Amino acid sequence: MASLVLASSSQYRKMLLANIGIQVDTHAPDIDETPFANESPTALSLRLAEQKAHKVAAELKKVNSDTIIIGSDQVALVQTDAGPQLLGKPGTVENAVNQLLACQGKQVSFYTALCLHQPSANKTITQVDETRVFFRHNSKAAIRAYVNKEQPLDCAGSFKSEGLGVLLFDKIESRDPNSLIGLPIMLLNELLGAHFDVDLLAMAAQ
C-alpha cells in the first residue's frame with residue numbers, strides 16, 4: 001500500500017484529504033515563491049508545486065519505496081485596469097480588503113497545480129486545474145466586515161470559499177470545488193490511479 005506525504009503546511013489541504021478519510025504526514029517545504037519575469041500563472045503554479053515535492057523528498061531522512069509526495073500550489077490572477085495582477089496571500093486585513101475590492105465585478109482565475117513525486121522511481125507527474133470565479137459587486141463596508149469576520153489572511157484571493165466567502169461570488173466554474181480550497185482531489189485521484197496504480201477510494205475505505 002502506497003504511503004502519501006503532503007508537501008505543504010496548509011491546514012486546508014490536509015483537511016481536504018482528511019475529509020475523504022485519507023490521513024497523511026505533512027512536511028512544510030521552504031522554497032522561494034517569487035515569480036520569474038513574464039512567467040505565466042500556469043507555469044508558476046506548476047513550478048512551485050514541483051519544487052515543493054522535490055524539496056520535501058530531499059529533506060526526508062527515510063523514504064519508503066512506495067512513498068508518493070504530493071506537492072500543490074495555487075496562483076490567482078485578476079485582470080485590472082492596470083493589467084493582470086497576481087493575488088497572493090494577503091497577510092493583513094488592509095491587503096485583503098484591497099484584493100477583494102480589485103476583484104469586484106471581475107472574473108478571477110485560480111490555477112491549482114498538483115505534483116506527484118515518487119523518489120524511489122524518480123517519477124514525477126504534474127498537472128494544473130483551473131477554476132474561474134466571478135465576483136459580484138459588494139460595498140467596501142461589506143467587504144471589510146467579511147474580512148474582519150472570517151480573517152482569510154492566509155488564503156490566496158482573500159476569501160474562504162468553504163465559508164462566508166462564497167457570498168462574494170456570482171458564479172464559480174470548476175471541475176472540482178476542492179481546487180478552490182487548495183487541492184484538486186478529483187485530479188489527485190485520477191493521477192494516482194493512472195500513473196501509480198493507487199485507488200484513493202479503496203485506501204480511504206479500509
Side-chain angles (χ1 to χ4, degrees), residues 1-36 39-76 86-91 110-131 152-157 160 162 175-176 178-204 206:
M1 178 68 69
S3 60
L4 303 178
V5 173
L6 182 62
S8 176
S9 60
S10 168
Q11 60 177 319
Y12 307 110
R13 293 188 177 110
K14 186 174 183 179
M15 174 197 70
L16 287 171
L17 289 169
N19 285 346
I20 59 170
I22 303 295
Q23 304 297 327
V24 296
D25 290 332
T26 60
H27 294 267
D30 182 17
I31 64 169
D32 183 357
E33 300 190 15
T34 305
F36 294 154
E39 188 173 26
S40 72
T42 300
L44 173 61
S45 64
L46 286 169
R47 176 173 64 83
L48 295 181
E50 187 167 350
Q51 283 186 359
K52 289 177 180 180
H54 282 266
K55 184 71 178 292
V56 166
E59 292 175 349
L60 289 178
K61 295 180 179 179
K62 182 180 179 181
V63 179
N64 296 328
S65 61
D66 63 351
T67 296
I68 299 167
I69 300 173
I70 304 168
S72 186
D73 192 81
Q74 187 178 76
V75 175
L86 291 177
L87 303 175
K89 298 175 182 178
F110 288 81
Y111 302 89
T112 308
L114 187 64
C115 174
L116 302 181
H117 176 56
Q118 190 170 44
S120 64
N122 194 27
K123 185 176 184 179
T124 302
I125 303 295
T126 59
Q127 200 164 318
V128 66
D129 188 70
E130 181 182 356
T131 301
L153 307 185
D154 60 346
C155 303
K160 298 180 182 180
E162 70 275 28
R175 171 191 178 183
D176 182 353
N178 297 296
S179 292
L180 199 54
I181 302 173
L183 189 65
I185 296 294
M186 294 179 188
L187 179 60
L188 174 64
N189 189 43
E190 175 187 315
L191 296 183
L192 283 172
H195 299 280
F196 299 93
D197 196 28
V198 173
D199 186 336
L200 277 185
L201 180 59
M203 183 183 292
Q206 283 191 341

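Bear in mind the structure is a predicted one, so any value in this text is a computation, not a measurement.
- Between the CG atom in Leu86 and the OH atom in Tyr111 there is a gap of 10.0 Å [rounded to 0.5 Å].
- Across all their heavy atoms, His117 and Ala53 have their closest contact at CB-CB, 4.0 Å.
- The closest side-chain heavy-atom distance from His54 to Thr124 is below 4.5 Å.
- Using a 4.5 Å heavy-atom cutoff, the side chains of Leu17 and Ile185 are in contact.
- For the pair Leu116 and Leu188, the minimum side-chain heavy-atom distance is below 4.5 Å.
- Between the side chain of Ser120 and the main chain of Ser65, a donor-acceptor pair closer than 3.5 Å is present.
- The main-chain N or O of Asp66 is never found under 3.5 Å from a side-chain atom of Asn64 such that the two would form a donor-acceptor pair.
- Under the 4.5 Å side-chain criterion, counting only non-hydrogen atoms from C-beta, Arg13 is not in contact with Ile70.
- In terms of heavy atoms, Ala57 sits closest to Pro119 at CB-CG, 3.9 Å.
- The two residues Leu87 and Ala156 come nearest to each other via the heavy atoms O-CB, 3.9 Å.
- Of all heavy-atom pairs spanning Arg47 and Pro35, the tightest one is NH2-CA, 3.9 Å.
- Within the 4.5 Å cutoff, no side-chain heavy atoms of Leu201 are placed close to those of Asn189.
- The OG atom of Ser45 lies 11.5 Å from the CD atom of Gln127; values are rounded to the nearest 0.5 Å.
- Distance check, rounded to the nearest 0.5 Å: CD of Glu59 to CD1 of Ile69 gives 10.0 Å.
- The nearest pair of heavy atoms linking Phe196 to Leu191 is CD1-O, 3.8 Å.
- A donor-acceptor pair under 3.5 Å is formed between the side chain of Lys55 and the backbone N or O of Asp30.
- Remark: the backbone N or O of Ala49 is not paired with any side-chain donor or acceptor of Ser72 at under 3.5 angstrom.
- The side-chain heavy atoms of Leu183 and Asn178, taken from C-beta on, include no pair separated by under 4.5 Å.
- Side-chain contact between Asp32 and Gln51 is absent, with no heavy atoms from C-beta onward closer than 4.5 Å.
- Inter-residue side-chain proximity for Asp154 and Tyr12 is flagged as met; some heavy-atom pair is nearer than 4.5 Å.
- When all heavy atoms of Ala2 and Met203 are compared, the closest pair comes out as O-CE, 3.7 Å.
- Atoms CE and CD, on Met15 and Glu162 in that order, are 5.0 Å from each other to the nearest 0.5 Å.
- Separating the CG atom in Asp73 from the CD1 atom in Ile31 is a distance of 6.5 Å, to the nearest 0.5 Å.
- Between Lys89 and Glu33, none of the side-chain N atoms (NZ, or NE/NH1/NH2) sits under 4.0 Å from a carboxylate O, so this pair counts as no salt bridge.
- A distance of 5.0 Å separates CG of Leu114 from CG of Leu187, quoted to the nearest 0.5 Å.
- In terms of modelled atom types and a separation under 3.5 Å, the side chain of Asp176 and the main chain of Met186 share a donor-acceptor contact.
- Checking side-chain atoms of Thr112 against main-chain N and O of Ser179 turns up a donor-acceptor pair under 3.5 Å.
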